[in-house]
Amino acid sequence: MGAAHFSGVRSRRGRVAAVFFFWGLISLSCAGRLPASRQKLEVQKHLKRLNKPALKTIKSPDGDIIDCVHISNQPAFDHPFLKDHKIQTRPGYHPEGLYDENKVSAENKETVKPITQLWHMNGQCPEETIPIRRTKKDDVLRASSVKRYGKKKQTSIPEPRSADPDLINQSGHQHAIAYVEGDTYYGAKATINVWEPKIQQPNEFSLSQIWVLGGSFGEDLNSIEAGWQVSPDLYGDNNTRLFTYWTSDAYQATGCYNLLCSGFIQINSEIAMGASISPVSAFRNSQYDISILVWKDPKEGNWWMQFSNGYVLGYWPSFLFSYLADSASMIEWGGEIVNSASDGRHTTTQMGSGHFPEEGFGKSSYFRNIQVVDSSNNLKSPKGMGTFTEQSNCYDVQTGTNDDWGHYMYYGGPGRNPNCA
């Protein structure tokens with residue numbers, strides 16, 4: 001797959017399209033399912049691996065069960081390289097130059113509100129534990145296989161320059177993003193307003209996230225991702241949820257969503273990966289947003305994540321990655337959906353608020369205070385930010401800059417409409 005490495009000859013748009021091509025290809029077959037009795041045993045074993053003994057259990061109003069698991073007993077420590085790992089309780093350094101989380105223009109100040117997670121209504125986890133959303137049997141059964149549960153779908157990847165355009169379209173993934181490349185990056189940040197987009201089919205999803213990317217876009221892509229998503233297949237409902245993802249081999253064997261495999265080490269007792277975010281923004285009404293910061297600690301080298309109002313959630317150990325062990329080569333901010341085109345027409349699955357960028361504040365989805373972390377561990381405005389979308393009549397993106405929001409973007413759309421069939 002060496003030919004898949006980007007070169008300076010290829011256009012910026014072509015390079016971004018290649019990224020999406022690799023993300024998007026979906027395995028079209030679930031062949032080789034296990035016999036029912038063996039599958040049942042495999043599911044039970046997998047649930048036992050994922051659901052660690054809880055010191056306290058909290059039932060969320062949305063039906064989730066949150067287990068408070070001792071910090072030293074979390075799934076991360078199933079990784080053979082983490083058996084004797086000493087938990088890093090705080091990052092060595094925070095990036096310099098953080099925006100005020102609550103900096104909003106006077107015009108919009110009354111309509112941007114703080115946000116929490118739904119399970120907080122019924123309790124909290126004690127110190128020295130972390131909250132983990134319990135995995136249920138039905139969650140695993142919705143996956144194509146026990147082995148693929150909690151992982152993004154993938155298949156063998158042809159070289160994009162020789163691929164049939166119709167094959168690319170079969171992936172069904174569409175995006176509206178802003179991005180930077182051409183430098184070395186040590187993290188990224190943005191504040192994102194949270195919506196509950198409508199999903200047409202259970203096998204589709206809608207998400208808004210930051211991508212921190214390293215390496216080529218063949219079989220060795222490294223990616224750290226964080227944001228919010230609605231994914232009926234993964235969670236069994238249409239709630240908007242905080243999520244993370246990582247991979248070191250282009251989604252083939254490594255990595256997973258949230259804490260559904262060993263890797264990410266959580267240190268925070270207040271925020272649960274994969275749990276519902278509440279409340280969400282409403283059209284022409286109150287806006288609720290979250291801040292996501294991912295950065296590489298210059299002292300220990302691990303990649304840390306911070307969520308709104310200073311919740312430092314935990315870190316991805318640097319040994320999980322090859323290219324990201326050093327730095328990132330591309331950062332992206334934006335939305336992604338799956339268009340299954342199940343009835344032969346474009347999906348009505350919404351991206352963001354389901355409204356186009358030109359509708360602006362209170363109607364469209366936004367990323368504000370968009371920044372990157374440089375080699376000196378300083379948060380800076382991104383230089384040379386580009387945009388990409390496959391079908392701007394379905395989902396679009398517009399960027400801008402002002403004193404209150406720094407670099408920002410509005411993005412999203414309704415999917416199927418008279419100009420998007």
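Quick note: numbers below take in every heavy atom, side chains included, and nothing from hydrogens, waters or symmetry partners.
A donor-acceptor pair under 3.5 Å is formed between the side chain of N268 and the backbone N or O of E270. The backbone N or O of R49 lies less than 3.5 Å from no partner atom in the side chain of N51, so there is not a single donor-acceptor pair. No donor-acceptor distance shorter than 3.5 angstrom exists from the side chain of S376 to the backbone of N378, with no hydrogens or angles considered. Judged by distance alone, the side chain of D249 and the main-chain N or O of T254 form a donor-acceptor pair under 3.5 Å. Of the possible polar contacts, one joining the Q266 side chain to the I271 backbone as a donor-acceptor pair under 3.5 Å is found. A donor-acceptor pair is defined here as one N or O able to donate and one able to accept, closer than 3.5 Å; such a pair exists between the side chain of S206 and the backbone of Q350. The closest donor-acceptor contact from the side chain of Q174 to the backbone of I337 lies at 3.5 Å or more, if one exists at all. Proximity of a side-chain donor or acceptor of T401 to a complementary backbone N or O of H407 within less than 3.5 Å is not detected. Panel note: side chain K56, backbone Q124; a donor-acceptor pair is recorded below 3.5 Å. Judged by distance alone, with hydrogens and angles left aside, the side-chain atoms of R241 form a donor-acceptor pair with the main-chain N or O of G274 at under 3.5 Å.
At a threshold of 4.5 Å between non-hydrogen side-chain atoms, the residues R133 and I66 count as touching. Looking only at side-chain heavy atoms (C-beta outward), W303 and V294 come within less than 4.5 Å of each other. You'll find the side chain of M305 stays beyond 4.5 Å of the side chain of Y311, heavy atoms only. Counting heavy atoms from C-beta on, the side chains of V280 and W228 never come closer than 4.5 Å. Looking at heavy atoms from C-beta onward, Q209 lies out of side-chain contact with Y245 at the 4.5 angstrom threshold. The shortest side-chain heavy-atom distance between L259 and V69 does not fall under the 4.5 Å cut-off. Taking 4.5 Å as the limit, every side-chain heavy atom of I130 sits out of range of all side-chain heavy atoms of C125. At a threshold of 4.5 Å between non-hydrogen side-chain atoms, the residues V212 and Y185 do not count as touching.
Of all heavy-atom pairs spanning T399 and A178, the tightest one is CG2-CB, 4.2 Å. Annotation for V338 and T347: closest pair O-CG2, 3.9 Å, computed over non-hydrogen atoms. Residues I267 and I71 come closest through the heavy atom pair CA-CD1, 3.8 Å. Minimum interatomic distance between N402 and D404 (heavy atoms only, all atoms of both residues): OD1-N, 3.1 Å. Counting all heavy atoms, side chain and backbone alike, L207 lies closest to F205 at CD2-CE1, 3.6 Å. Closest non-hydrogen pair, I331 versus G187, comes out as CD1-O, 4.0 Å.
Looking at S291 and D289, their side chains never bring a donor and an acceptor atom within 3.5 Å of each other. E127 and S269 share no donor-acceptor pair across their side chains, judged by distance under 3.5 Å alone. A donor atom on one side chain and an acceptor atom on the other are not found under 3.5 Å apart for S248 and N222. In the model, H94 has a side-chain atom that pairs as donor or acceptor with a side-chain atom of Q306 under 3.5 Å. Under the 3.5 Å distance criterion, with hydrogens and angles disregarded, no donor-acceptor pair is assigned to the side chains of Q391 and N339. For the 3.5 Å distance criterion, the side chains of Y235 and S276 fail to qualify, holding no donor opposite an acceptor. Residues H355 and S353 bring no donor and acceptor atom of their side chains to less than 3.5 Å of each other. Using a 3.5 Å distance cut-off with no hydrogens or angles, the side chains of D220 and Y323 do pair a donor with an acceptor.
Residues in residues 213-269 take part in these disulfide bond (SG atoms under 2.5 Å apart) pairs, two or more places apart or across chains: C256-C261.
Note: Y366 and Y410 have perpendicular aromatic rings, judged against thresholds of 30 and 60 degrees for the angle between ring planes. Classification of the W316-F264 ring pair by plane angle, with boundaries at 30° and 60°, yields perpendicular. Note: F321 and W246 have perpendicular aromatic rings, judged against thresholds of 30 and 60 degrees for the angle between ring planes.
Note: I224 CD1 to L213 CG = 9.5 Å, rounded to the nearest 0.5 Å. Atom-to-atom distance recorded for K296:NZ and S375:OG is 13.0 Å, nearest 0.5 angstrom. One finds the CD1 atom of I277 at 13.5 Å from the OH atom of Y288 (value rounded to the nearest 0.5 Å). Interatomic distance, CD1 of I132 versus CG of L50, reported as 9.0 Å (0.5 Å rounding). Remark: N203 CG to S231 OG distance equals 9.5 Å, nearest 0.5 Å. D139 CG to D233 CG: the interatomic distance, rounded to the nearest 0.5 Å, is 10.5 Å.
When the shell of 6.0 Å around OH of Y93 is examined, it contains 12 or fewer heavy atoms from other residues, nucleotides or ligands.
A salt bridge does not link K380 with D183: none of the charged nitrogens is closer than 4.0 Å to a carboxylate oxygen. Ion pairing of D78 with K52 is present here, as a side-chain N (NZ or NE/NH1/NH2) and a carboxylate O approach within less than 4.0 Å.
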CA sep, side-chain torsions, deciding dist, call: L55, E128, side chain to side chain contact (heavy atoms under 4.5 Å, CB included): CA-CA 10 Å; L55 300 179; E128 297 190 2; over 6 Å; no

Worked check of ring-ring contact (aromatic ring centres under 6.0 Å, His included) between F319 and H85: CA-CA 12 Å; F319 76 77; H85 180 79; 7.7 Å; no

Derivation of the side chain to side chain contact (heavy atoms under 4.5 Å, CB included) call for L118 and D64: CA-CA 9 Å; L118 210 52; D64 278 0; over 6 Å; no

Evaluation steps, side chain to side chain contact (heavy atoms under 4.5 Å, CB included), between T244 and F307: CA-CA 11 Å; T244 63; F307 172 75; over 6 Å; no

Candidate pair D297 and Y315, rule side chain to side chain contact (heavy atoms under 4.5 Å, CB included), full reasoning: CA-CA 9 Å; D297 180 359; Y315 57 97; over 6 Å; no

Steps toward ring-ring contact (aromatic ring centres under 6.0 Å, His included) verdict (Y411, H175): CA-CA 10 Å; Y411 70 100; H175 309 78; over 10 Å; no

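H346 is linked by a ring pair (Phe, Tyr, Trp, His ring centres under 6.0 Å) to Y395, counting only residues two or more places apart in sequence or in another chain. A search for side-chain hydrogen bond (donor to acceptor under 3.5 Å, both in side chains) contacts involving S342 returns Q201, not counting sequence neighbours.
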